[in-house]
Enquirer: 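Mind having a look at this structure? Questions to follow.
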Amino acid sequence: MTKLSYAKALNRALADELARDPAVCVFGEDVGAGLSGLTPGLQARFGADRVVDTPLSEQAFTSLALGAALTGMRPVVEFQIPSLLFLVFEQIANQAHKISLMTGGQIAAPVTYVVPGSGSRDGWAGQHSDHPYSLFAHVGVKTLLPATPTDAYGLLVSAIRDPDPVVLFAPAGALGVREDVTTELAPVPIGSARIHRPGEDVTVVAAGHLVHDALAVAEELAGEISVEVFDPRSLYPFDWPALAASLARTGRLVVIDDSNRMCGLGAEVIATVAEQGHRLRALPRRITRPDGAVLPFALGLDRAVQPGRAQLRDAVRAVLS
Amino acid sequence: MTTPEAALHYRGMRLIRSFEEQALALVRSGEIVGGIHPYIGQEAVAVGVCAALRADDQLTSTHRGHGHVLAKGADPRRMLAELAGRESGLNKGRGGSMHAADLSLGILGANGIVGAGAPIAAGAAWAALRQGSDRVVATFFGDGALNQGVLLEAMNLAALWRLPVLFVCENNGYATTLAVRDGVAGSALGRAAAFGIPAQEVDGMDVAAVRAAAEQAVVRARSGAGPSFLECRTYRFEGHHTMERRVRVNYRTAEEIDSWRQRDPLELCGLDPVQRAEVDQEIAQLIAEAVRFALAGAHPDPAGALDHLYADGLRPRAGAPR
Ligand SMILES: Cc1ncc(C[n+]2csc(CCOP(=O)(O)OP(=O)(O)O)c2C)c(N)n1
């Protein structure tokens, strides 16, 4: 039994896939040095022509990966900071994501985009604290948000093997998570949710690092309220049947979502549940960043904008009162 | 006497010209919706560059891509069907004029975003090196793309990593209505020089000159020496887009257009009139057949509007037509 960290799990997934398939390659800034913690040792093992240090040219290397994918490679692109996705939204959403349909299915674009450190890191302020998964889910790019080391490993492996563009967000708040790994690491199917903790009174939908907050709150309330922690793992596609089954058991819903409220994941979950006609025993609640939020610098302000345990506790109590 | 190349070049240009004239007619008659960006006048660039390429070489193209796609060997019947939005089109009617692609011919796609094809070409070139192949990739773009950061980033990567890319700038004098002198500080060749990429200006109305320059660039790329840059001076005889006829913008003088028409690449290529007449007749038949093929094609079933969105068949849940 070993303690596996989240970053190490991603590193192992990359190493295993590079070893398994010669078409797999990695592009990114400082990936040779392994600055982000995802790529240490990979360049030494697989060579600088497969684990490629790029200049600071996000738009070019993002589409360069696409060009390589169209001609037989399986590139993984690492982004140092989440807001770089705004810079390359064109290359992912407008180029890679659209090419299969626009060519009438002539070609697939198997590119994986990995974003370690997505969301708030202490004191990184406005331009380094976004967690932009909702944008990609909205467009319909396959969007993954693993919460645990084993899921991080399994989802990254699936992303690399998937024939389509996939964005994997590794939340800053989850990078420190460690896990006892007792079974062999294995791929996790894209589009499959995971129930981390079964419960009877309320379903809490949480993704990424917020799963750990939800588990903590569930534990705290254990004597009083039985909380089911539902982790979609893959935000697009979303495992709606699994959520329906969970709600059939609990009849109550709280969503906690670390993105802005308007047009966010929380809104999507509640709208779909309403549309599908689930008979909830209480009005559903969502906890999100505020509308239009930009994370302020001072830690107290940063925390005030992010969804947290206290809000979740209150929301869970509220749907049961 | 004319050379066999001249006959080949003329045929390629005649095909593009006639295809474009037919497409314009179909835009006017409403069979092609959305309009097109006509390539008429610039045929020598596509034909000259593609004549220098091997069948397994690849290219990325632009919003004005018909010429490049046809010159690389696309079937004009399926291409016209694509423009008419038919299931029998190159892209099953899912791409249309600005996205026409035939991956089996190395056509990695026309592109509706100015400059966007350059890094994709660089990626395909990078993959060729990784795969131990000596294929090369040409990327076409207009003078307007010279101001897109992503093109300059791609040039840097291609030069740095010695990627087998031909950067082909079709300088037709205008980015929509903006004249080059009002849009480009410095020069096209200066952009290439900044990255240490060998660059030359080429008469883009002279197909043999374009071909000769492209052949040099291809040899260089195949030998592992890296990218080259061609600035082809050319002109589009028609408007930027077929919509231009309706909005009646005025940014080019009749004299300017006339003077360029005097240098029509089809006239300049030096094929003798008897041979020309033969080619003209052959192409006329081919285009007539393409029209029949295109208009006889079935319209795609709206229930399949989101088919091919994902390679593995996953379909969106809500809002899907099925
Ligand atoms: C990045 C981007 N900006 C604007 C547009 C709208 N647009 C389409 S074509 C065009 C002009 C392009 O000029 P140029 O690159 O010189 O090519 P040409 O049309 O002359 O062939 C513009 C502005 C676009 N498609 N992409």
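Excluded from the calculations below are hydrogen atoms, water molecules and symmetry mates; all remaining heavy atoms, backbone and side chain alike, are included.
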Enquirer: Show me, pair by pair, the donor-acceptor contacts under 3.5 angstrom made by side chains of residues 106-128 of chain B, not counting sequence neighbours?
Expert:
from, atom 1, to, atom 2, distance (Å)
B/Asn111, OD1, A/Gln95, NE2, 3.1
B/Asn111, OD1, B/Ile113, N, 3.2
B/Asn111, ND2, A/Gln95, OE1, 2.7

Enquirer: Using a strict 4.0 Å threshold on nitrogen-to-oxygen distance, state whether B/Asp312 and A/Arg161 make a salt bridge.
Expert: no
Enquirer: What distance do B/His308 atom NE2 and A/Met102 atom CE have between them, rounded to the nearest 0.5 Å?
Expert: 13.5 Å
Enquirer: Taking all atoms of both residues into account, what is the closest heavy-atom pair of B/Gln131 and A/Thr71, and its distance?
Expert: NE2-O, 2.6 Å
Enquirer: When you compare the side chain of A/Thr103 with that of B/Arg94, does any pair of heavy atoms fall below 4.5 Å?
Expert: no
Enquirer: Looking at residues at least two apart in the chain, or sitting in another chain, which of them share a ring pair (Phe, Tyr, Trp, His ring centres under 6.0 Å) with A/Phe238?
Expert: A/Trp240
Enquirer: Answer with side chain, backbone, both or neither: which region of A/Gln91 has an atom nearer than 4.5 Å to a non-hydrogen atom of chain B?
Expert: side chain
Enquirer: Answer with side chain, backbone, both or neither: which region of B/Glu87 has an atom nearer than 4.5 Å to a non-hydrogen atom of chain A?
Expert: neither
Enquirer: Please answer whether the main-chain N or O of B/Ala311 pairs with a side-chain N or O of A/Asp164 as donor and acceptor at a distance below 3.5 Å.
Expert: yes
Enquirer: Should the heavy atoms of other residues, nucleotides or ligands under 6.0 Å from NE2 of A/His278 be counted, would the total exceed 12?
Expert: yes
Enquirer: For the interface with chain B, which of A/Ala108, A/Pro75, A/Gly140, A/Pro165 has the highest count of heavy-atom pairs at distances below 4.5 Å?
Expert: A/Gly140
Enquirer: Does any backbone or side-chain atom of A/Ile190 lie under 4.5 Å from a heavy atom of chain B? Answer side chain, backbone, both or neither.
Expert: neither
Enquirer: Just give me the residue among A/Gly72, A/Ser100, A/Pro163, A/Pro22 that pairs up with chain B most often, heavy atom to heavy atom, under 4.5 Å.
Expert: A/Ser100
Enquirer: Are any of the side-chain heavy atoms of B/Arg130 and A/Arg50 separated by less than 4.5 Å?
Expert: yes
Enquirer: Tell me, side chain or backbone of B/Leu129 under 4.5 Å from chain A's heavy atoms, or both, or neither?
Expert: neither
Enquirer: Measuring heavy-atom distances to chain B, does A/Thr62 have an atom under 4.5 Å in its side chain, in its backbone, in both, or in neither?
Expert: neither
Enquirer: Counting heavy-atom pairs closer than 4.5 Å to chain B, which one of A/Asp49, A/Leu64, A/Ile107, A/Leu56 comes out on top?
Expert: A/Leu64
Enquirer: With a 4.5 Å limit on heavy-atom distance, are the side chains of B/Leu160 and A/Pro55 in contact?
Expert: yes
Enquirer: Could you look at A/Pro110 and say if it's the side chain, the backbone, both or neither that has a heavy atom under 4.5 Å from chain B?
Expert: neither
Enquirer: Grab the two heavy atoms, one from B/Leu314 and one from A/Pro237, that are nearest each other, plus how far apart they are.
Expert: CD1-CG, 3.4 Å
Enquirer: Which heavy atom in A/Asp53 sits nearest to a heavy atom in B/Trp161, and how many Å separate them?
Expert: O-CZ2, 3.7 Å
Enquirer: Shorter than 4.5 Å, heavy atoms on both sides: which option in A/Cys25, A/Ala23, A/Ala68 has the most such pairs with chain B?
Expert: A/Ala68
Enquirer: Holding to side-chain contact (heavy atoms from CB on, under 4.5 Å), I want the full list of residues that pass it with B/Leu189, two or more places apart in sequence or in another chain.
Expert: B/Ser187, B/Ala199, B/Glu201, B/Phe229, B/Glu231
Enquirer: What heavy-atom pair brings B/Asp102 and A/Gln106 nearest, and what distance separates the two atoms?
Expert: CA-OE1, 3.3 Å
Enquirer: I need the A/Ile99 CD1 to B/Leu103 CG distance, nearest 0.5 Å.
Expert: 6.5 Å
Enquirer: What parts of residues 148-157 of chain B touch chain A if we use heavy atoms and a cut-off under 4.5 Å?
Expert: B/Val150, B/Glu153, B/Ala154, B/Asn156, B/Leu157
